[in-house]
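Chain naming here is simple, since letters A, B, ... match the order of the sequence lines and numbering starts at 1 in each.
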Amino acid sequence: MMLTQADPINKKLRVSGGLISLGLLVQALSLLWNHPLSFIAFVSVGALLVAGGIGLYLFTLVNIPAVRPQDSLGDKAKGQTQQI
Amino acid sequence: MPMFLILAVLVITIILAALVTLRPSLTLARGGKILAFLAFFIFPVFAGLLGLENHMERAKQTSFCLTCHIMGQYGQSLYVDDASYIPAAHFQNGRIPRDQACYTCHTDYSIFGGFKSKFRGLHHIYAQYVTGPQQPVKLYHPYNNRECLHCHEGSRSFEQGAIHTVDPQTMADIKSNKLSCMTSGCHDTIHNVKQLEHVKYWKPVQ
């Protein structure tokens, strides 16, 4: 099985999206809970997960290998695609 | 902002983030890249800020402060039927908003006062769940006249009060916090929770 350039990026996107979704879910639940600990849950769990997800996403964005014009034809031929 | 709108923003953001998570191939197209940027960066930050603002506002509610068992007696003291109880007189006569009674008097009316209050609130949580609250409950610092003067400064009853104007130095000392408003013999009956079993209570008309 050939490993394409998109695979690790897809994996990072999935992890990033998972962290963000989970963090937002925690944040939403914390808003429904009227208790002083809900703020702790919002910040220390929800915000931390979201921040982690955003950080991973931005890290993935800046670490995409640059595609030079002369490579792009060859990449297409190999089935490699660039994402994000 | 109403809670349902904040929750709607959160749910929409979760759906968008889940969509990109389940179908990362969407990001191959230009529109998909923009969607990913919105779902993974712009919307989560926006939703988080809305949630934070909601939590900050909610923490000002009297009912929120009273969720801690140790604060129960302080909430009860707001209903004492005795005008010499300063918090009760303020609460019952609408001098402070009843739904934000604790916050109105116990926040710092200074720059970043709201954030300082929030940090004190976090310390309350630490004390409640880790170290255990001190008995009896005490303020971290002596009560600052600034919090009283935030409303009372400039008012006729304060500026022309007989005791306040007994000599110019008294007024100057009150305003510079050298002479506490709660000095013995002045406004010195505050929550007085030790006496709550021996007082009458005001019953608000429903």
Side-chain angles (χ1 to χ4, degrees), chain A residues 4-62 64 67 72 75-76 79-84, chain B residues 3-4 6-30 32-37 39-56 58-59 61 63-68 71 118 121-122 124-129:
Chain A
T4 65
Q5 183 187 335
D7 290 333
I9 294 173
N10 282 351
K11 190 180 172 188
K12 283 179 184 166
L13 273 181
R14 284 201 176 97
V15 173
S16 172
L19 287 173
I20 290 171
S21 301
L22 193 62
L24 289 171
L25 193 65
V26 171
Q27 289 186 353
L29 291 175
S30 82
L31 287 171
L32 298 171
W33 185 28
N34 192 23
H35 192 276
L37 285 180
S38 67
F39 181 73
I40 301 292
F42 179 87
V43 173
S44 63
V45 183
L48 209 65
L49 285 170
V50 171
I54 291 174
L56 181 62
Y57 169 66
L58 294 177
F59 181 77
T60 309
L61 274 188
V62 298
I64 297 169
V67 179
S72 56
D75 285 349
K76 278 177 189 170
Q80 291 183 334
T81 50
Q82 190 189 8
Q83 290 195 322
I84 305 199
Chain B
M3 174 73 93
F4 76 92
I6 299 172
L7 287 174
V9 171
L10 276 164
V11 168
I12 289 168
T13 310
I14 291 170
I15 291 170
L16 288 178
L19 183 69
V20 180
T21 305
L22 296 172
R23 298 280 305 276
S25 56
L26 285 173
T27 59
L28 287 170
R30 181 184 166 85
K33 289 180 177 70
I34 294 170
L35 179 69
F37 189 69
F40 284 2
F41 185 70
I42 302 293
F43 279 19
V45 170
F46 180 60
L49 289 175
L50 287 180
L52 184 68
E53 194 263 344
N54 184 277
H55 270 288
M56 294 290 279
R58 196 198 305 177
Q61 301 293 313
S63 57
F64 179 86
C65 301
L66 299 181
T67 53
C68 279
M71 285 292 124
K118 195 70 202 169
L122 291 175
H124 294 345
I125 292 172
Y126 178 77
Q128 175 76 22
Y129 293 103

Rounded distance (nearest 0.5 Å) linking atom [atom1] of [X] with atom [atom2] of [Y]:
{"X": "E53(B)", "Y": "R58(B)", "atom1": "CD", "atom2": "CZ", "value": "11.5 Å"}
{"X": "L28(B)", "Y": "R23(B)", "atom1": "CG", "atom2": "CZ", "value": "10.5 Å"}
{"X": "H55(B)", "Y": "I40(A)", "atom1": "NE2", "atom2": "CD1", "value": "10.0 Å"}
{"X": "T60(A)", "Y": "N10(A)", "atom1": "OG1", "atom2": "CG", "value": "10.5 Å"}
{"X": "F39(A)", "Y": "L31(A)", "atom1": "CZ", "atom2": "CG", "value": "11.0 Å"}
{"X": "T13(B)", "Y": "I20(A)", "atom1": "OG1", "atom2": "CD1", "value": "10.0 Å"}

Tell me, out of [options], who's got the most heavy-atom pairs with chain B below 4.5 Å.
{"options": "G23(A), A51(A), S38(A)", "value": "S38(A)"}
{"options": "V15(A), V50(A), N34(A)", "value": "N34(A)"}
{"options": "P36(A), G18(A), S21(A)", "value": "P36(A)"}

Side-chain donor or acceptor of S16(A) paired with backbone N/O of G53(A) under 3.5 Å: yes

Name the region of [X], side chain, backbone, both or neither, that has any atom closer than 4.5 Å to a heavy atom of chain B.
{"X": "A28(A)", "value": "both"}
{"X": "I54(A)", "value": "both"}
{"X": "L22(A)", "value": "neither"}
{"X": "L19(A)", "value": "neither"}

Interchain contact, [X] with chain A, by part (heavy-atom threshold 4.5 Å):
{"X": "C65(B)", "answer": "neither"}
{"X": "T67(B)", "answer": "side chain"}
{"X": "A39(B)", "answer": "backbone"}
{"X": "L7(B)", "answer": "side chain"}
{"X": "Y129(B)", "answer": "side chain"}
{"X": "I6(B)", "answer": "side chain"}

Going through the checks in order, is the side chain to side chain contact (heavy atoms under 4.5 Å, CB included) test met by V20(B) and F37(B)? CA-CA 10 Å; V20(B) 180; F37(B) 189 69; over 6 Å; no

Is any side-chain heavy atom of L122(B) closer than 4.5 Å to a side-chain heavy atom of Y126(B)? no

Partner chain A: residue of L19(B), N54(B), L52(B) with the largest heavy-atom pair count (under 4.5 Å): L52(B)

